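Scroll down for the structure; my scribbles are underneath it.
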Amino acid sequence: MATKRSPIGIAQRCMGIDCEGSTCVAEQAEKQGVVTYIQRMNRRAIEPCLFGQGGTCCRNCSFGPCMMIEGVPESIGLCGATPATVAARNFSRMVAAGSSAHMDHALETAKAFLAVAKGESEYKIKDEKKLRALAEVFEIKTEGRSTKDIAIELGEKALAEFGKQDGSLYCIKRAPEKRQELWKKLGVIPRGIQREVVELMHRTHMGTDQDYHNLIFQATRCALADGWGASMISTELQDIMFGTPVPIRAVVNLGVLSEDEVNIIVHGHEPILSEAMAIVSQDPELIEAAKKVGAKGINLAGVCCTGNEVLMRHGIPIAGSFIQQEIVLATGAVEAMVVDVQCVMQSLPVVAGCFHTAVITTSDRARIPGAEHIEVHHHNALEAARKIIQRAIDKYPQRGKVNIPQNKMDVVAGFSHETINHMLGGAFRASYRPLNDNIINGRIRGVGAVVGCDSMRVRSGYVHTTVVKELIANDVLVLVTGCAATACGRAGLLRPEAAELAGPGLREVCETVGMPPVLHMGSCVDNSRILIAATEIVREGGLGDDIYQIPAAGCAPEWMSEKAIAIGQYFVASGVFVVFGRTFPTTGSKVLTDYLFKEMENLYGGMWAVESDPVKMAQLMIQRIEKGREALGIQEKKERVLYDMEMRRELE
Ligand code: MSK
């Protein structure tokens, strides 16, 4: 079942995201015959298939595809599978695929970390304090031992998490005790990182697990192996190797591209190469080489989550989010775009082919026809980075006319959980106490996480920023990651000045501390930072003894990837109310959707919801936050003295 659609103008598609006030890059590109997502959208005369979109199309064996309408008795699979079972299988497969993307990323990170620990890599341990703290989680003795010894044991134990078959993952112990007990009772504690994906894929095979409850239990176990396992390992080991982010000023949007320097874009997810690019792009020899071809220097910028990684740690600007990747190339100002894994459009070499740009793939896991390939591993990252930069320099003399919009915006990024701890609690006594107190006294009503991709199927950027503006206006402190963070950055919401848009309570707190009301916590794997922050809030006391009790909610207003589904599922299973925008992949089965949207709350204290309207989405989150406050008995705003500098000093 498919419906016809009418074409959509460029302005409706990219309004506000890139070149407002300048020559529109997308329009200009169209005149030059460049095809981007905007033209592809308009050339598709048909809307998505409703069976596929709602999750009730089964393609798991050659009897089908069997397309089903729930409630119509004869509308079941040839094998007898019901729409609820099929939707649960399809949903579970999305969880498996999304989780495995994070898991493979984490595996590479763990291997790189072990090499660093053994002294076999060009990288070094940067955050020793965090190394020792994580070693404790992995039950590694630290007292009297050298950094090298601890790091090697940590690397080995982290790697072993992937192949483990029984027991439990170490990082599960970081969750509040009540949550761990609940997971144990429900039988969803992950035993090994990769095992849970394999078992989930097996269960979704034709004729295996036919009970949607049971399928979703395994999908939950798999998602938890992602959030509290793989993603957490990635974030923590990356911080130890490359540095734990601290607040840093930077700039985002297309205007960060330079008219007279060699522009190189790093895009994808794993920071192994981008860290090397950040180092090597400062090399005087390479800068000299760039000058020799007529450029003033080398300008490195990011796209997608690799962009977030280098933004958080180096203040390197972000040229664009997921949806802007082709538009970045369509400026004609990019000498090379270097990509690794996830969220990289296959169209990039086609767009690049209209200009002088080289698209360079770097992972054997992710090749693209038409792209050049320079293989990058942790042991050759610096050398490969040098090669890539030289390749970009060689391209510079071929640059034609460029169209770089003026738009760029200041941001403050780098709010790791450790930073939030210090920022609110003070330099000498890091603590979540002030945050908890401000939630209890009602100055901050609660915490909202706005995460995930940006989408070509909505008015991109507008959706994210509308949700965020509504939340902060209602005194909800917002945490952002991924491309949602970039969208907020473009709109100026990641600056302390954005406190002007906040409600009086949140504004007061932000102005006292000097922080933005919207905190950039990193890339998509860094959603694990939000899990830790939530646990710390629980541990600090006064807001219940489990995550579900915190006045908090999460959303992914423009989600598109399977990773987003895996992330949503681990948040729901951790006790969080999660709203997704526009569409949800199980709506073809009311039975399964009711389970995810209602019954899961009885089991986990968290549940899913879907809402297209950004204002209504924010209102749903606020309602949930207020409900949480009511349950805690803190619904009335209490009078409390503002933390002034003197009080902060006293606290320290
Ligand atoms: S990059 S998964 S579009 S957030 Fe992490 Fe952005 Fe979504 Fe990819």
Side-chain angles (χ1 to χ4, degrees), residues 55 58-61 85-111 157-172 175 183 186-237 269-270 305 340-343 363-366 523-525 527-528 531 559-574 585-586 592 596 604:
C58 184
R59 293 175 49 246
N60 293 14
C61 82
T85 301
V86 168
R89 281 180 184 155
N90 288 332
F91 179 82
S92 297
R93 285 190 168 204
M94 291 181 88
V95 171
S99 299
S100 64
H102 290 146
M103 290 168 181
D104 227 21
H105 172 160
L107 182 69
E108 282 307 303
T109 306
K111 283 196 217 158
K157 281 194 154 176
L159 258 185
E161 293 286 82
F162 291 84
K164 222 151 84 176
Q165 300 301 315
D166 293 302
S168 157
L169 298 176
Y170 284 107
C171 288
I172 286 290
W183 288 337
L186 293 171
V188 295
I189 292 205
R191 298 150 294 187
I193 291 176
Q194 292 172 340
R195 171 175 180 173
E196 305 310 348
V197 175
V198 172
E199 187 170 319
L200 188 53
M201 290 305 287
H202 176 197
R203 289 201 197 191
T204 60
H205 187 274
M206 190 271 155
T208 310
D209 201 347
Q210 333 260 354
D211 176 349
Y212 70 84
H213 301 94
N214 210 38
L215 276 160
I216 299 301
F217 274 122
Q218 179 57 21
T220 301
R221 185 151 51 178
C222 179
L224 290 174
D226 172 359
W228 293 88
S231 286
M232 205 167 276
I233 285 177
S234 286
T235 299
E236 302 293 72
L237 296 185
H269 280 80
E270 295 173 2
C305 280
D340 56 16
V341 291
Q342 303 161 28
C343 306
S363 167
D364 200 35
R365 291 163 160 91
S523 62
C524 11
V525 293
N527 282 312
S528 63
L531 296 177
W559 78 280
M560 63 87 194
S561 79
E562 291 162 315
K563 286 183 291 173
I565 291 290
I567 292 167
Q569 185 68 5
Y570 71 64
F571 270 106
V572 168
S574 301
T586 65
L592 181 69
L596 297 171
Y604 298 93

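In this text, all values refer to a predicted model and were calculated from it rather than measured experimentally. Position 1 is the first residue of the sequence; numbering continues from there.
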Without hydrogens or angle criteria, can the side chains of Ser92 and Thr204 be said to hold a donor-acceptor pair below 3.5 Å?
-> no
With a 4.5 Å heavy-atom cut-off, do Asn527 and Ser231 have their side chains touching?
-> no
Determine the minimum heavy-atom distance between Gly207 and Arg89, stating which atoms define it.
-> N-NH2, 3.7 Å
Could Glu161 and Lys157 be called an ion pair, given the rule that one side-chain N must be under 4.0 Å from one carboxylate O?
-> no
Is the shortest side-chain N to carboxylate O distance from Glu108 to Arg365 below 4.0 Å?
-> yes
Mind checking the OH-CG spacing from Tyr570 to Asp226? Nearest 0.5 Å is all I need.
-> 5.5 Å
Between Lys563 and His105, does any side-chain donor sit less than 3.5 Å from a side-chain acceptor?
-> no
Count the heavy atoms belonging to other residues, nucleotides or ligands that lie under 6.0 Å from NE2 of His213, then report whether that count exceeds 12.
-> yes
Using modelled atom types only, decide if a donor and an acceptor are shared between the side chain of His269 and the backbone of Val341 within a distance under 3.5 Å.
-> yes
So, does Gln218 use its side chain to make a donor-acceptor pair with the main chain of Glu196 at under 3.5 Å?
-> yes
Minimal heavy-atom distance between Ile193 and Gly229, with the atoms involved, is CD1-C, 4.1 Å
Answer yes or no: is there a donor N or O on one side and an acceptor on the other, between the side chain of Arg203 and the main chain of Leu215, under 3.5 Å?
-> no
Counting N and O atoms only, with roles assigned by atom type, does the side chain of Ser528 sit under 3.5 Å from a partner on the main chain of Val525, one being a donor and the other an acceptor?
-> yes
Option from Trp183, Phe571, Tyr170 for which ring pair (Phe, Tyr, Trp, His ring centres under 6.0 Å) with Trp228 holds = Trp183
